[in-house]
Amino acid sequence: MTSAARTAVRRSRAVLVLLLLPLAACAPLLAPPAPGPAVAEPSTPDAAPDATGVVTDLTTPWSMVVVGGSVLVSERDTGRIVEITASHDVREVITVDDVRFGGEGGLLGLALDPAGEHVYAYATAPAGNRVQRYDLGGEPEALTLSAPVDVVAGLPSAGNHNGGRIAFGPDGMLYVTVGDAGDRGAAQDLDALAGKILRLEPDGTVPADNPFPGSPVYSYGHRNPQGIAWAADGRMFASEFGQDTWDELNVIEPGGNYGWPDVEGIGGDDAYIDPVQVWAPAEASPSGLAAIGDTLYLANLRGERLRAIPIADPTTSTELLAHEFGRLRDVTQGPDGRIWVSTSNRGGRGTAAAGDDRIVSLEASQSGG
């Protein structure tokens with residue numbers, strides 16, 4: 001893009017933000033549909049932080065994981081895992097084999113094991129969603145992935161609600177989010193893996209101390225969780241897509257039932273664990289989640305904004321980057337210490353601008369964290 005074109009794009013975005021401000025000021029307050037824990041006051045737009053471009057021209061980036069001075073990124077609709085180097089060059093590391101693309105399926109979450117020896121990848125395969133482990137080799141600027149091994153396979157899959165986020169917890173276990181894959185009732189069935197967060201040993205076996213003996217299920221009653229993160233005090237948080245009324249931020253407890261499909265949002269029913277914060281789907285559609293310092297950062301798709309949520313009070317949040325870069329899919333702390341945010345404008349539900357999809361970064365000190 002030429003310098004003149006970049007200037008025109010910046011000016012058009014600035015005009016759009018100014019036009020949207022009166023509408024945002026008139027937005028109705030969000031309130032819980034039934035008695036329950038305190039819900040956040042409406043998110044307050046923050047002074048727009050300066051976002052710097054990291055890379056452009058990616059294809060539906062879904063997950064980012066830091067490896068030394070580099071960042072590995074999965075592309076949902078190509079099956080590629082690419083490396084972004086310290087100089088912000090992009091190089092293809094591998095194209096994952098046997099991936100079924102379409103809808104919300106494809107190559108999704110990535111995770112680095114605590115020892116830094118393996119990268120795990122969640123993908124939709126012909127026989128269902130799966131998690132594979134790859135040997136990590138090389139050095140930053142020339143990383144390699146090889147010898148894939150199935151860790152868990154045959155997870156429920158569909159055109160939507162595939163979950164797909166994976167991460168290692170502070171206990172060294174692998175956590176895997178699985179959506180309901182369109183089978184609402186399965187979320188309440190402990191013999192089904194749909195609508196669950198799973199907890200596994202790194203080799204895919206079931207930990208002996210899981211809440212349901214012999215089962216990988218860690219929590220249930222989920223519709224489509226796509227973000228997980230841990231605070232320094234060990235609390236586990238998860239973001240979740242609602243259906244028509246409420247998207248959720250939950251604190252995950254072992255064996256906890258989060259209500260779907262019987263409850264969406266705050267139900268005030270002791271049989272289920274209520275979320276700590278909810279949003280209307282048009283303002284959220286929350287995906288990637290990261291704990292950075294004393295703040296949770298939550299990337300939102302339909303809402304086209306990054307939310308900063310204080311860990312000390314997760315019922316509140318502040319909006320960042322609202323409508324500046326379109327749909328936001330994932331967030332992490334980059335190797336440079338800045339907050340990296342990826343867009344998802346080329347996946348069929350957004351409007352791609354020149355250079356999309358992209359990754360931008362902002363200073364943590366500017367973001368409320």
Side-chain angles (χ1 to χ4, degrees), residues 43 46 49 51-52 54-55 61-68 70-74 84 108-114 119-120 122 163-170 174-177 197 225-241 247-252 275-277 279 284-301 303-314 316-322 325 327-344 357-369:
S43 299
D46 195 11
T52 300
V54 176
V55 296
W62 210 93
S63 182
M64 300 181 285
V65 63
V66 177
V67 180
S70 292
V71 176
L72 293 178
V73 180
S74 62
I84 300 174
L108 305 178
L110 299 178
L112 179 69
D113 73 352
V119 169
Y120 289 66
Y122 186 114
R165 195 67 60 183
I166 57 177
F168 281 87
L174 176 66
Y175 291 76
V176 180
T177 74
I197 295 178
Q226 280 195 9
I228 47 178
W230 287 263
D233 62 9
R235 278 180 297 164
M236 180 181 179
F237 292 86
S239 60
E240 181 162 342
F241 288 78
D247 291 335
E248 302 177 358
L249 176 68
N250 288 295
V251 177
I252 301 301
V276 292
Q277 189 169 174
W279 305 275
S285 298
S287 188
L289 181 67
I292 302 173
D294 57 4
T295 304
L296 293 169
Y297 294 93
L298 178 59
N300 294 266
L301 292 162
E304 298 188 352
R305 68 202 69 187
L306 181 70
R307 281 190 166 91
I309 302 164
I311 291 172
D313 183 8
T316 65
S317 58
T318 299
E319 295 178 1
L320 307 166
L321 306 181
F325 298 102
R327 294 160 56 86
L328 306 182
R329 172 70 71 180
D330 197 20
V331 56
T332 192
Q333 186 168 29
D336 55 4
R338 293 169 65 88
I339 297 171
W340 287 28
V341 185
S342 66
T343 71
S344 187
D357 275 316
R358 67 188 67 232
I359 294 172
V360 299
S361 73
L362 55 148
E363 289 286 352
S365 60
Q366 292 183 309
S367 63

*Asks:* As an exercise, state the distance from CD1 of Ile252 to CH2 of Trp230, rounded to the nearest 0.5 Å.
*Replies:*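 Reported to 0.5 Å precision, the distance equals 10.0 Å.
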*Asks:* Restricting to non-hydrogen atoms, name the atom on Ile197 and the atom on Met236 that form the minimum distance, rounded to 0.1 Å.
*Replies:*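 Nearest pair, atom of Ile197 first, then Met236: CG2-CE, 4.0 Å.
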*Asks:* Using 0.5 Å steps for rounding, measure from the OH atom of Tyr122 to the CG atom of Leu174.
*Replies:*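 It comes to 11.5 Å.
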*Asks:* Hey, are the side chains of Gln226 and Thr177 touching, using non-hydrogen atoms and a 4.5 Å cut-off?
*Replies:*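 A side-chain contact under 4.5 Å is absent here.
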*Asks:* Is any side-chain heavy atom of Val360 less than 4.5 Å from a side-chain heavy atom of Phe325?
*Replies:*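 Yes; the side chains approach each other to less than 4.5 Å.
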*Asks:* Quick one: does Val71's side chain get under 4.5 Å of Val54's, heavy atoms only?
*Replies:*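 Heavy-atom side-chain distance check fails, nothing below 4.5 Å.
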*Asks:* Do Arg165 and Ser63 come within less than 4.5 Å of each other through their side chains, counting heavy atoms only?
*Replies:*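 Yes, their side chains come closer than 4.5 Å.
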*Asks:* When rounded to the nearest 0.5 angstrom, what distance separates CD1 in Ile339 from OH in Tyr297?
*Replies:*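 Rounded to the nearest 0.5 Å, the CD1-OH separation comes out at 4.0 Å.
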*Asks:* Does a donor on one side chain and an acceptor on the other come within less than 3.5 Å for Ser342 and Asp330?
*Replies:*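 No - no donor-acceptor pair under 3.5 Å links their side chains.
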*Asks:* Rounded at 0.5 Å granularity, tell me how far OG in Ser287 sits from CZ in Arg327.
*Replies:*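 The CZ atom of Arg327 is 9.0 Å from OG of Ser287, to the nearest 0.5 Å.
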*Asks:* Could you tell me the separation between the CZ atom of Arg329 and the CD1 atom of Ile359, rounded to the nearest 0.5 Å?
*Replies:*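 It is 13.0 Å, given to the nearest 0.5 Å.
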*Asks:* If I take atom OG from residue Ser74 and atom CG from residue Leu110, how far apart are they, to the nearest 0.5 angstrom?
*Replies:*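 One gets 4.0 Å once the value is rounded to the nearest 0.5 Å.
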*Asks:* Would you say the side chain of Leu328 lies within less than 4.5 Å of the side chain of Asn300, judging by non-hydrogen atoms?
*Replies:*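 The answer is no; the side chains never approach within 4.5 Å.
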*Asks:* Counting C-beta onward and ignoring hydrogens, is there a side-chain heavy-atom pair between Ile311 and Arg235 closer than 4.5 Å?
*Replies:*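 Yes, close enough: below the 4.5 Å cut-off.
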*Asks:* Kindly write out the residues that satisfy side chain to side chain donor-acceptor pair (under 3.5 Å) with Asp247, not counting sequence neighbours, or none if the list is empty.
*Replies:*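 Per chain and number, Asp247 pairs via side chain to side chain donor-acceptor pair (under 3.5 Å) with no residue.
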*Asks:* Answer yes or no: is there an ion pair linking Glu363 with Arg338, defined by an N-O contact shorter than 4.0 Å?
*Replies:*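 Yes.
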*Asks:* Could you walk me through whether Gln277 and Glu248 pass the side chain to side chain contact (heavy atoms under 4.5 Å, CB included) check?
*Replies:* CA-CA 6 Å; Gln277 189 169 174; Glu248 302 177 358; over 6 Å; no
*Asks:* With a 4.5 Å heavy-atom cut-off, do Leu249 and Pro286 have their side chains touching?
*Replies:*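 The answer is no, as the side chains (C-beta and beyond) never meet within the 4.5 Å cut-off.
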*Asks:* Taking side chain as C-beta onward, heavy atoms only, is Val73 less than 4.5 Å from Trp340?
*Replies:*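 Result no, sub-4.5 Å side-chain heavy-atom pair not found.
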*Asks:* Once side chain to side chain donor-acceptor pair (under 3.5 Å) is applied, do any residues pair with Ser70, and if so which ones, sequence neighbours excluded?
*Replies:*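 Here the qualifying residues are Glu83.
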*Asks:* Check Ala167 against Ile228 and note the closest heavy-atom contact, atom names and distance.
*Replies:*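 Reported closest heavy-atom pair: CB-CD1, 3.8 Å.
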